[in-house]
Structure formats: structure tokens, C-alpha cells
Amino acid sequence: MGNRWGPQGQAGRRRMPFLLLLPLFCSALSEHILYTIPEELARGSLVGNLAKDLGLGVRDLPAQNLRISAKKKFFTVNTENGDLLVGDRIDREQICGKKSTCVLEFEVVAEKPLNFFHIAVVIQDVNDNPPTFSQNITEVEISELALTGATFALESAQDSDVGVNSLQQYSLSPNPHFSLTQKENPDGTRYPELVLKAPLDREEQSYHHLVLTSVDGGEPARSCTTQIRVIVVDVNDNHPVFTQDMYKVSVPESLPVGSSVLRVMATDLDEGINAEITYTFINVGKAVRQLFKLNSQTGEVSTGGGLDFEERERYTIGVEAKDGGRHTAHSKIQIDILDENDNAPEITLDSESKHIPEDVELGTVVALIKTHDLDSGFNGEILCQLNGNSPFKIVQDTKNTYKLVTDGALDREQTAEYNITITATDKGKPPLSSKTSVTLNIDDVNDNAPVFHQASYLVRVAENNPPGASIAQVSASDPDLRPNGQVSYSIVASDLEPRALSSYVSVSAHSGVVFAQRAFDHEQLRAFELTLQARDQGSPPLGANVSLRVLVGDRNDNAPRVLYPALGPDGSALFDTVPRAAQPGYLVTKVVAVDADAGHNAWLSYHVLQASEPGLFSLGLRTGEVRTARALGDRDAARQRLLVAVRDGGQPPLSATVTLHLVFADSLQDVLPDLSDQPASSDPQAELQFYLVVALALISVLFLLAVILAVALTLRRSPSPAAWSCFQTGGVCSKTGPGVFPNYCEGTLPYSYNLCAASHSSKTEFKFVNINPENAPPQDLLCNEASWFESTSNDNPQMTSDPVKLQQQAPPNTDWRFSQAQRPGTSGSQNGDETGTWPNNQFDTEMLQAMILASASEAADGSSTLGAGAGTMGLSARYGPQFTLQHVPDYRQNVYIPGSNATLTNAAGKRDGKAPAGGNGNKKKSGKKEKK
């Protein structure tokens, strides 16, 4: 380090003398940053630049936040430039006393990252204390018989400074009888002795006045003087003698006050008063006199205060024995203080992180620990450790400094706070220890994603629910704190259309409540699935998804709808003819209805509400088949009316009604007079159709006239007479009469036919003119003559104008009939029972319509037989070979073929035991117009 061995400037001027002492302690301070300064520097004086010596950048100093860690802070650190400054008065004598080397050791603590830097400052002594004598005048009694060369110990001066600044020499004012010599104590201190160089004569001079001067080695030197008064005493020829020149004793520092340390002894061969010896301390300071007491009569030394090894390890005390004749003797007492384990270790937390993130890395420093023990040796060796189990450990940095670092993963959700107890124990006997506690709070980190309380959610919502009602609630929990644990909910995916999703459901971002935005309809939407996400507010945010499946339950909100027979504006159906010879069980017609609901709500039953002749007809409860219950009687009316109700199985049940008109007749001619009496009802839609047909007819006539006119003009210019032959036609007779007008509405048979009836004939014939229900306008013609006149050309003699009788309808082919087991149906049972099966609404409705279209079209085809494509009713030719009767319900028992004796039924004649009668199943149209 650049300035490791001392700073520049004022502190560095006294660095060189100290280098001589460095070998004494360089091994102990090899890891320290060492500075040398003189004592008594002014506050704010520069000691050295820590930033430079520690290798720290000036830009990093604010973040490092350097500070001093010491009991008494003699120094401060400038956080801006890293200068180490004097912060308090430094008195070497007060801090270190008589120690030859005075070193202030302390630590500099740096943050981000936490670290210790060990600093040692050597305090150099300056000559700021002069030598001092305890007394201004010292009296010395010397016998006049004292021999030349006799020495007399004088009081030594005391100098608080050390080294060269301490007391160096003594000098005595010139005197012919006395001279001065200097001697050293075992501890290196010097004391003066007065030497008699010429005999004394009391009678000649009884007193001698001398001046003793003490000088230290400072620059400039300081000195002190004291007066020595020598009293010449009369003859006492024996001096006291100590038993030992040096008394040594070792006492424990725990020795109680008042305990005896040792006893000094001196003897005098004189007698009487000259043999009475008194003992006194000499060359000791005031503090030592208070710490040890000397019995002047017995010479016993005892403790006057508490001993402390840590304060001072050894005392050297001078003792003087004086007899009654003023003769003296001198000896030394050396008292060594033995160290005992009387100081428990001290623990200091220099820096600690109160809040630790839970994702901190292993080995991160969270606190700096210092220990100190005033004892020495084994008594001062310290072991620092943690109590209990925790994800932390203590790592020793230097002899008495430690670091508290992480030793395991931290999880705030398991433990949010650690109360750590640090124990420091020395190696004394018995060992002493001290404890301190530190509380570490674990800061939350967003390391936990929200967790839903269920793996998936399934809710059932009845249809027709009120919009805005809550249908479900999802809940997720996040063990993190504050924003890291605040969960919000959203819809992230669905099997619904993205545009339609917001119109169906929404979710509360805070509560997780799912709201229905509209009323659900089971018939349109039976189930849908949502993917909900719970997301916290951490950075980065974490989330979790869960599926919510919503099942829309069915309610009985759809009444049955009658598909067949088709209803007129007043709710009445087309009339059906029944042979007068029909036997009981004869199938008259069948009521076909569907219900858009499902389950019990769509299980239909058929009931007769009103009948013109009760007991004449029976109605299948589940099939809707109307059959004769008995044969027609003479008193029974030819026209019968049945009011049929179709009910579903819901609660409460919904129903629809249809009125059936049944006519007992063997031919259509018998029915026409009754039909002509029925007034035609006014239907606005039929009138609109009529006007459209009239307008189309007028346009067609105008177009035809224009064509004829153009052809006529062309032929007029032509010389060939043959070109006019094509306009020779026979007469066409068409007389109007009572007619049956068609009326179409949804669910009727999709074909039309024309009716020609001769007024003079009792037979009625049917001719299918056009099978296309879309292009051919239906016409019912009632003619007085049952013949058509066809135009012929002169070139074709075979073409005559004779009336041609209408071709009779081909007899029915019975190959298309199927057994009851082959006819699955919506309202009918496979086995013909009355229990029925539950329908599938959407599928059966579509198949029913397709079946009616296909069967009616085939039936209307005059060139084909009903037996074509056995088992398929010709559907395979229309829809492919895979489309057979097993795929669709058979409603042919409800289809009646005009002009034929056949009905699309399943062996009704077989059950009756005879072939179907003529006119059986002929479908007639009522005079009432049906709504389109």
C-alpha cells in the first residue's frame, strides 16, 4: 500500500526515529496499515489518506461509507476524500503511560460490501513533560564519621515521557565534600546517589546546601531542580543492613485489598535508639503509594487498592531503612502481578444488515463482529460461535474480528426473522463468556407464483340466468408480501370466439368472482371452458393458470312445436280422409312434434283434449299416432274434429295444441262439396302472394304478346304457308268451379299437384303436373270435362285433338314397407310401445325435415315406384350410399301420396288383415290458407 508505513506532512516528520523500534513489533502488525504521528496533534490534523492506502477509488467513497470502529474515537475519516484525521486530543502519557511503544489500534469499517480494515497508529512521544521532584527540599543526614566514598541515595525525579524524552541525567551543584553518581533500577529507570568525597566535620560545618538538577533528553531539553540539605549528624558508626538487596514477590491480581504482600527486614548492630529502624518507600509515585502500604515499624508491605494485571504487570518500589542514629540502608521490592481470568470477552457489532433479501447468495456478509478480552495468554484467547441452528455461520477474519455470513438458503415464507445469539468464550480456567443477540429480518422477494386452491373448477349454471350475476369464484393464494403477494385475476383463453367472450363472462380482477354478462341459453350453448390466470404484482410478475368449465343447465323454456301436420292460422291442421270401412287400429295420421329442450323437458306426450266423437279415435301417448278405436257407425258424423295437446316433461310442463280434421269418405268427390262450403279465410300473406303471382302473370303475358307479335311480323313476310300451321290448335276448355287452393307453411309437404275433376263423373283423378316445389306455381283445376286439348301440326297426322284421358296412377309398390323395428323416430317408439324414447332435439329436427323432403319428392315422381331403393326410400341416390334409414328417423307413416292407394306406413294393412282401401291415405288440403 502506498502510504502503509506512515503519512506525509506533519505526521511523517517524526516517522524516522520510530523505524528503529519497528523490528520489535513488525511481526505483530504485519497485516495492519501503519501510521506514525506525534502526540498532541491538533484536531483535524491529517494522519494519512486511507482511500489511497486501501486502494479505494474516490468515486466509491460515498458508497463505502468509511467509519472508525473503536471504543474511544481519537480519529475520524473524511468520507469525501478518505483522509484519516485527528478527532480528539492524543496524550501519549495518558493513553500508554510508561510503555515504551504506544500504538492505537482500531478498525475502519467499509460498507457495500461489508469489510474490516485494520489500522495501527504509533503515537510518538514529544518532550511535553519536564522531570519533577516530589519535594522541593530534601534533607539528608550524614554522620560526621562517614567514610569517604560513602553513598547516600537521593530522591529520583519523575518524567512522564519515554525514550529520549525521559530523564537522562542528574547534576549537582559544585561542593568540595560531595559529588553525584547515577545508578539504574532493574526496570531501566535512573536514580541519583550522593557520594561523600571528603570527610565531614560537624564542628566545622553542620549543614551543607546542594542543588540537584534533573535533565531529560528532549529537544529542547527540560529540567527540574530540588534543594538538598545535608545535616551532619553526630557519630553513629553502624548502619542498618537489609537482608536482601532485592525483594521479589508475585501476587495474583485478584488479591483482596489489605492483604499482605511481603515483609522487608533490616538489622542494625547499634543499640538503643541507634538500633531502632524505621521503613519508608522512596522513589515511588503517588499512585503506587496508594496501591501499596508499608508499615514503618514492621516493614510489612500490604495492598491498599485493587490490583489489575491489565493495567500494570510489575511494580518496582524502593524502600529505605533508617536507624535512630540517622543511618540508612536501601533495598528494592519487585512485585509481579499474575494475570487471572477475571475479564469476560466483549462483543461489539460494528455493522449489521437489519434487512436481508431472501435470495441473497451464500457467503454474503451480513454483520461484522469484534471481540476483546482484557486478559492475556490463554485467558485472552477467544472462541466466537453461534447458538442454535440457523442458515448463518461465523467466519474468523483476524485474531479478534469475525464476519457473520449466510450459510444456507433463506426463505421468508418459512422464517421471516432470525434472532441470532453470538457467544464469545475465552480459554481461561474457568472460562468466561459473554453473549449478544442480533435480529435479522428477511426481506421478501417475488419467488412464489400464485397457487389456485383447486386444480380445476367445474360450475353448473341454469340457463336464463340474470345478466351480471356471479356464477363462480376462483381463488389463488401467494405467500409473498405486499405487491409480491397481491393477486389479480384475468381470462386468458376460452373455447368461445374472442369477440363473443366479453359478452358472455367477465372476472373481477381483485376477488376472482366470475360474472355472467348475459343470460345463457342451453339450446345455443351447452358448455364452454375458460382459462383463468392469477398474476401477482411482483417484478417480474409470476402467474398460474386454471381451467373453469361452465355447464349450462337446461330449463323448460321451450314449448313443443308441431311439425306435422302443418297448422293453419287458426291452429287447425289439413284434413285427412279415412275410409269408411277402416277397421279398429287403422293408422289415420300421426302428430309429429319436437321440443328444443333436453332430457325430461323434451320428453313429449300426446293427449286428446277434445273430440267430436269420443271413443272413435285413439292417440298414442308417446308416438302421437292417431288410429281408429272402432269401426265407423251409421250414426257417426262423416267429419270429425280432434283437439290434440303435446306436452313436455318439464316442471311446469309446456304444451302446444293442434286441431285435426278427419273426413270419412271413400273418394275425394265425396269430400269436395263439403270443402266448397267452407269460407276461405283471409290471410294477408296469401293475398300478397296472390298479388305477386298476378303481377308475374301480367309481365309474362306482355312478354308473350311481344314475342308472338314479333314472330307474327316475321311470318307475315315469309311466303311459306307451312309456317302458320303451328298456330292451328284445338279448343281448350277450362271451366272454373269449386277448387281446393293450396296453402303452405313451415312443415308441410314440399310438393304441389293439380286437381282435375269432371262434373259429370263420379271419379276423381289426380295428375302430378310439376314436382318442383320451388319453380312450379301450384294450381288446382276443377274442369267440367276430364280431357286436355293439345295443339298439333299439319305435318304430324298422329297428333289428334281427341280428348285424351288422364293416365291412371301406378299401383303402389309394397317393397318399401318396413317393420316397426326398422323405424327409429323422434316421437315414435321402435317397438310401437307407449313409453317412447327421449329425443335429441337438434339432430331429430334436421333429420325430420330432410326425411320429409326426400320422401315427398320421391313419392311425387310419377315415373318411379315407392319400392325403388328398398330400405333407403331413395335417399342413397340423393345423399350417397352411406345414407340409409338407419341414420334418420322414419316419418313415412305421416306422408300420404295423392292419387295412390299406398301410404308410407309400416304394415298397417297387415295388422288389419287386408290391403289398404282405395282412397286410403289421400292427402287433401283444407280450404283454409296456411301461413307461409
| query | If you measure from CG on Leu501 to CG on Asp495, what distance do you get to the nearest 0.5 Å? | reply | 9.5 Å
| Within a strict 4.5 Å, meaning less than it, do heavy atoms of the Asp339 and Glu310 side chains meet? | yes
| message | So Ile369 and Ile422, do their side chains get closer than 4.5 Å, heavy atoms only? | response | yes
| task | Report the residue from Asn387, Ile347, Thr425 that forms a side-chain contact (heavy atoms from CB on, under 4.5 Å) with Lys435. | result | Asn387
| task | Kindly check if the number of other-residue, nucleotide or ligand heavy atoms within 6.0 Å of CZ (Phe378) is above 12? | result | no
| Criterion side-chain contact (heavy atoms from CB on, under 4.5 Å) against Leu551, the qualifying member of Glu529, Arg526, Arg460 | Arg460
| At what distance, to the nearest 0.5 angstrom, does OG of Ser605 lie from CZ of Arg647? | 6.5 Å
| request: Kindly give the heavy-atom pair with the smallest separation between Ala656 and Val562, and that separation in Å. | output: CB-CG2, 4.4 Å
| Exercise: identify the closest heavy-atom pair between Ala544 and Phe452 | O-CE1, 3.2 Å
| query | For Ile442, does its backbone N or O pair with a side-chain atom of Glu358 as donor and acceptor, under 3.5 Å? | reply | no
| said: How long is the straight-line distance from CZ of Phe117 back to CD1 of Ile33, given to the nearest 0.5 Å? | reply: 7.5 Å
| said: Quick check: closest heavy atoms across Leu410 and Pro357, and the distance to 0.1 Å? | reply: CD1-O, 4.0 Å
| query | Taking side chain as C-beta onward, heavy atoms only, is Leu104 less than 4.5 Å from Phe75? | reply | yes
| task | Output yes when a side-chain donor or acceptor of Tyr489 lies under 3.5 Å from a complementary backbone atom of Ala476, and no otherwise. | result | yes
| remark: From the list Asn341, Thr371, Asn379, side-chain hydrogen bond (donor to acceptor under 3.5 Å, both in side chains) with Asp426 holds only for Asn341
| note | One should read off an interatomic distance between Leu368 CG and Leu349 CG, to the nearest 0.5 angstrom, of 9.0 Å
| Would you say the side chains of Asp375 and Asn343 form a donor-acceptor pair under 3.5 Å? | yes
| field | Distance-minimising heavy-atom pair for Ile382 and Ala424 | value | CG2-CB, 3.8 Å
| query | Would you say Ser475's side chain and Gly512's backbone share a donor-acceptor pair under 3.5 angstrom? | reply | no
| field | Any donor-acceptor N/O pair, Lys370 side chain to Ser69 backbone, under 3.5 Å | value | yes
| request: May I ask you to decide if Asp447's main-chain N or O and Asn484's side chain share a donor-acceptor pair within less than 3.5 Å? | output: no
| said: For a quick check under 3.5 Å, do Lys403 and Asn115 share a side-chain donor-acceptor pair by atom type? | reply: yes
| query | Counting N and O atoms only, with roles assigned by atom type, does the side chain of Asn448 sit under 3.5 Å from a partner on the main chain of Pro479, one being a donor and the other an acceptor? | reply | no
| Rounded to the nearest 0.5 Å, how far apart are OG1 of Thr415 and CG of Asn441? | 12.5 Å
| query | Mind checking whether Leu85 and Arg43 have side chains closer than 4.5 Å, heavy atoms only? | reply | no
| task | May I have the step-by-step check of ring-ring contact (aromatic ring centres under 6.0 Å, His included) for Phe520 and Phe528, ending in yes or no? | result | CA-CA 11 Å; Phe520 298 150; Phe528 60 91; 5.6 Å; yes
| Of Leu532, Leu458, Val505, which meets side-chain contact (heavy atoms from CB on, under 4.5 Å) against Leu548? | Leu532
| query | Can you tell me how far NZ of Lys399 sits from NE2 of His372, rounded to the nearest 0.5 angstrom? | reply | 10.5 Å
| query | Hey, does the side chain of Asp444 reach the backbone of Leu481 with a donor-acceptor pair shorter than 3.5 angstrom? | reply | yes
| request: Please indicate whether Gln454 has more than 12 foreign heavy atoms, meaning atoms of other residues, nucleotides or ligands, lying under 6.0 Å from its CD. | output: yes
| Is there side-chain contact between Thr401 and His118, with at least one heavy-atom pair below 4.5 Å? | yes
| request: Grab the two heavy atoms, one from Ser433 and one from Thr423, that are nearest each other, plus how far apart they are. | output: CB-CG2, 4.3 Å
| request: Report the residue from Leu46, Ile90, Val122 that forms a side-chain contact (heavy atoms from CB on, under 4.5 Å) with Ile37. | output: Ile90
| Side chain Glu463, main chain Val552, donor-acceptor under 3.5 Å | no
| task | Could you tell me whether the side chain of Leu440 reaches within less than 4.5 Å of the side chain of Phe392, counting heavy atoms only? | result | yes
| Non-hydrogen side-chain atoms of Phe106 and Val108 separated by less than 4.5 Å | yes
| query | Ignoring hydrogens and geometry, is there a side-chain-to-backbone donor-acceptor pair from Asn558 to Ala596 under 3.5 Å? | reply | no
| query | Taking atom types as modelled and ignoring hydrogens, do the side chains of Asn545 and Thr531 form a donor-acceptor contact shorter than 3.5 angstrom? | reply | no
| field | Note, Ile68 side chain near Leu84 side chain (heavy atom, < 4.5 Å) | value | yes
| task | Could you pull out the closest heavy-atom pair between Leu66 and Ala110, with the gap in Å? | result | CD2-CB, 3.6 Å
| Do the side-chain N and O atoms of Ser488 and Gln537 include a donor-acceptor pair separated by under 3.5 angstrom? | yes
| task | Check for a donor-acceptor pair, side chain of Gln533 on one end and backbone N or O of Gly543 on the other, with a separation under 3.5 Å. | result | no
